[in-house]
Structures are given as structure tokens and as C-alpha cells.
There are 2 protein chains.
Amino acid sequence: MHAPRKQAAQPRSRATQAAIVEAAARILETSGSAGLTTNAIAARAGVSIGSLYQYFPNKEAVLAALLRTKRAELLSWMRAAVSANQEAPPEKALQALLDAGMRHQVERPRLALEAEYAGQQLHLAEETAALADEMAQLILETVRRLQPAAGLQEARDVVAIAKGIINAAALSSEAGGPGLAARVRRAVRGYLREIPSNSADSRAASSSMP
Amino acid sequence: MHAPRKQAAQPRSRATQAAIVEAAARILETSGSAGLTTNAIAARAGVSIGSLYQYFPNKEAVLAALLRTKRAELLSWMRAAVSANQEAPPEKALQALLDAGMRHQVERPRLALEAEYAGQQLHLAEETAALADEMAQLILETVRRLQPAAGLQEARDVVAIAKGIINAAALSSEAGGPGLAARVRRAVRGYLREIPSNSADSRAASSSMP
DNA sequence: GTCTATACCAAGATAGAC
DNA sequence: GTCTATCTTGGTATAGAC
């Protein structure tokens with residue numbers, strides 16, 4: 001389910017598929033999920049409705065493909081940030097991670113918002129949970145260098161805090177400049193500093209492999 | 001636009017209207033905005049589709065009424081929290097405010113999420129901005145007692161941080177127990193502590209009436 | 001493999017009986 | 001004032017021509 005109809009070995013098919021997915025993204029940005037109709041997607045992509053259904057079995061599959069693309073992109077940015085800062089001071093490593101997240105939300109803020117919501121109606125719960133876990137693990141690595149008492153829950157909270165501030169900015173159509181970045185950094189730093197050394201979630205983290 | 005068709009002076013009309021709005025809320029909770037159809041609302045409310053249109057000019061009006069109800073509720077809780085803690089120590093006052101917000105999101109987490117999103121498609125930008133402002137002002141009063149350097153932007157960030165953590169909890173269907181409350185408190189405290197005394201947003205706050 | 005035309009259906013909204 | 005029946009629209013998906 002939610003899988004492309006065929007795996008597009010040919011470069012031309014691949015391009016058409018990508019055009020359809022990108023068209024869906026553009027529509028989400030301009031009209032929200034209400035405007036995301038198969039007709040609109042096909043029109044924006046410059047193909048006919050029939051062609052769309054040659055590549056995707058239904059509307060949900062297009063949306064799922066879009067989500068997977070964006071998520072893979074974010075994850076790869078975050079991984080790059082971590083491995084580029086293995087030797088760097090932890091403050092710099094954390095900053096790089098936050099920058100990756102900001103970049104994701106700030107480049108296309110409306111899309112990030114709409115895609116996240118639209119994804120809820122899709123039955124992608126497992127994938128979503130897996131992504132959240134992977135992100136949390138990635139962040140935990142870095143965060144522990146700053147605050148050894150941090151656990152998985154704290155890592156997830158760091159994501160939630162950053163998302164909260166960035167989403168609020170997007171909703172009030174505030175630009176994502178250095179001011180926003182500074183506030184996110186302050187929020188995360190402050191939170192990490194408040195973690196008690198006997199955090200309940202350090203236990204949760206170490207018991208994650210029973 | 002988005003106004004009820006008549007103002008229901010009669011108590012029976014008032015009750016019917018409320019039933020329709022509550023039905024919409026229940027549908028949002030169980031099926032999300034995709035399931036929010038006029039037919040479904042009428043059926044849940046135990047009235048016919050014709051009756052629904054007697055009270056509301058269209059679907060959006062029902063949703064708008066729901067949003068206004070929930071927002072008014074939250075705002076009144078927050079106001080109560082502030083005035084009940086005028087004399088209390090600032091830590092307690094802040095806690096009461098956070099509790100009000102938590103109560104709003106935790107009692108009906110899915111509803112809070114769905115309503116917030118669905119409201120975006122409604123042309124209620126002015127009301128939404130006004131609400132955000134009022135909430136920020138309310139919080140600023142209390143926050144300034146803890147951190148005099150705080151400005152409007154910081155007050156808004158406090159809301160965003162709390163929302164971020166609570167929403168993430170709701171999305172992973174985590175219960176809203178004391179653990180969650182503690183994490184929100186830590187995040188907010190930590191953020192407030194990080195505010196530099198020459199914050200750019202203290203300026204923004206004082207220049208809000210030019 | 002891509003198009004046009006269309007079948008089918010669900011949802012919003014209204015008309016008119018009672 | 002509330003109901004049932006219905007009109008209308010627009011969106012998903014398919015069939016069949018080229």
C-alpha cells in the first residue's frame with residue numbers, strides 16, 4: 001500500500017514521477033491539503049490524470065512518496081551534521097544539528113507544516129515512529145556530550161521544542177533569520193541545562209534494549 | 001462570514017446549536033478533518049441536515065464556532081490562573097498558567113491538534129492573531145516577575161515551547177501525566193533563564209505601541 | 001505510455017412537505 | 001422548525017483511443 005506502481009528504472013519515468021511528487025508539494029504549499037486533488041496535481045506536473053495513475057495507484061501514494069522524500073532528506077542532513085562534527089566541540093555539533101532541522105522547516109515552511117499534518121491521515125505510523133526514533137538517537141549522541149544525564153525522552157523533547165518554536169514562526173509568517181535560530185538555540189540550551197542528573201529518562205534509554 | 005445564522009435567544013435553539021458544535025468536535029477527534037462532513041455532523045448531533053443549515057450557513061461556520069468556543073475556554077482558564085495568583089510567588093503563578101494550557105491540550109489532545117490545523121483553512125487570521133497576542137500579554141505579566149528582561153517574543157516562545165512538547169506527546173499518544181508537566185516546566189524555566197538582559201524582544205515589546 | 005472522455009460517488013447545500 | 005428528498009458540484013479512478 002502507498003507504494004509506487006512501478007519502480008521507474010528508466011530515467012524518464014523517474015523524472016515524471018519526481019515531477020508529480022514536486023507538483024503535490026507545490027500545491028500543499030499554496031492551497032493546503034484541501035486543494036490537493038489528483039486533477040490539480042496532474043495539471044501542475046504537466047501530465048494528464050491518466051499518466052498520474054500510471055505511476056501511482058491513488059492519491060495517498062503520491063503523498064506518501066512526498067513524505068518519504070522529505071524525511072529522507074532531513075535525516076541525511078542530520079547525519080551529515082553529526083559526522084562532520086565528530087571531532088568538533090559539542091556546542092558546534094549541536095548547532096549543526098539544529099541548523100539541519102531549521103533548514104528543513106525554514107526553506108519551505110508551509111510545506112513542512114502541511115505535509116506533517118497530511119501524513120497523519122496516511123497509515124504510516126510505523127515509518128513515522130521509526131523516523132522519530134532515528135532522529136532522537138542521532139540527537140542523543142550529540143546531546144550527551146553536553147549533558148550526560150540526557151536520555152531518549154530528552155532528545156525527543158529537544159526536537160519538540162525546536163519544532164514548536166519554528167512552527168509558531170511559520171504560522172505567523174515570521175522569516176527564519178538568525179533571530180529565530182538564536183531563540184531556538186537558547187530554548188534547547190536552557191532545557192538541557194535543567195535536566196536533573198537522575199533523570200527518569202536516562203533509565204528509559206538504557207532499558208531500551210532489554 | 002463564519003457567523004451563526006441566528007443568535008439563538010431561545011434556550012432550545014441554543015442547546016441544538018451547542019449539540020451541533022460538540023458533534024463536530026467529536027468527529028474531529030475520531031476521524032480528523034477528513035471525516036468532518038455536514039452529514040456526519042448532523043447525524044452525530046441527532047438532527048437532520050436541514051436543521052444544521054438552519055443554524056449555520058455552511059460547514060465553515062460550524063468549525064468557526066467550535067474554535068471560538070475552545071479558544072474562549074482556554075483564555076478564561078488562563079485569566080483565572082493569573083488573577084488567582086496575583087499575590088502568590090511567581091513560580092506558582094507560572095505553574096498555574098502552564099497547567100491551564102496543559103489542561104486544554106491534554107483533556108482532548110486529538111481535538112486540540114485537529115482544530116488548530118482545521119482552523120488554518122478558515123479565514124480567521126485576525127482572530128487568531130488577536131488570541132495569540134492576548135495570550136502572550138497574559139503570560140508576559142507573569143513571566144516578567146521571574147525574568148524582567150523578557151519581552152513579548154519571549155512570551156510567545158513560552159507558548160510555542162509548551163505546545164511543541166505537548167503536541168509531540170499527543171502525536172505519540174503519550175498520556176498527559178505529571179511527567180509531561182515536569183518536562184514542560186523544565187523547558188520553560190530553562191528558556192527563561194537563558195534570556196539575555198539586553199534581549200532584542202524587550203525592545204520589540206516596548207515599541208509595540210508606536 | 002500518454003491522452004481524453006466519462007463512469008461513479010460523496011459531499012455541500014436547498015426545496016418543499018409536514 | 002424540523003424533516004426527507006433532491007439538485008449540483010467536483011473529485012477519484014478507469015476505459016479505451018491514439
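In this text the structure is predicted, and so the values were computed from the model without any measurement. In what follows, every chain begins at residue 1, and chains take the letters A, B, ... in the order their sequences are listed.
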Euclidean distance, atom [atom1] of residue [X] to atom [atom2] of [N] [Å, nearest integer]:
| X | N | atom1 | atom2 | result |
| --- | --- | --- | --- | --- |
| B:Tyr55 | C:dA13 | OH | C1' | 18 Å |
| A:Leu63 | D:dT12 | CG | P | 12 Å |
| B:Phe56 | C:dG12 | CZ | P | 15 Å |
| B:Lys59 | C:dA13 | NZ | P | 8 Å |
| A:Ile49 | D:dA15 | CD1 | P | 14 Å |
| B:Gln54 | C:dA17 | CD | C1' | 14 Å |
| A:Ile20 | D:dA13 | CD1 | P | 14 Å |
| B:Asn39 | D:dC3 | CG | C1' | 14 Å |

Pair [X] + [Y]: basic N to acidic O under 4.0 Å:
| X | Y | value |
| --- | --- | --- |
| A:Glu22 | A:Arg44 | no |
| A:Arg71 | A:Glu134 | no |
| B:Glu127 | B:Arg68 | yes |

side-chain N/O B:Tyr53 vs C:dT14 OP1/OP2, d < 4.0 Å: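 Result: no.
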
Residue-phosphate contact under 4.0 Å: A:Thr38 side-chain N/O, D:dT12 OP1/OP2: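 The answer is yes; a side-chain N or O of A:Thr38 sits under 4.0 Å from OP1 or OP2.
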
Whether A:Trp77 and A:His104 hold their rings parallel, tilted or perpendicular, with breakpoints at 30° and 60°: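 Ring orientation of A:Trp77 relative to A:His104: perpendicular.
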
Sugar-phosphate, base or nothing in reach of B:Ser48, heavy atoms under 4.0 Å: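 Counting heavy atoms under 4.0 Å across all strands, the contact made by B:Ser48 includes a base.
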
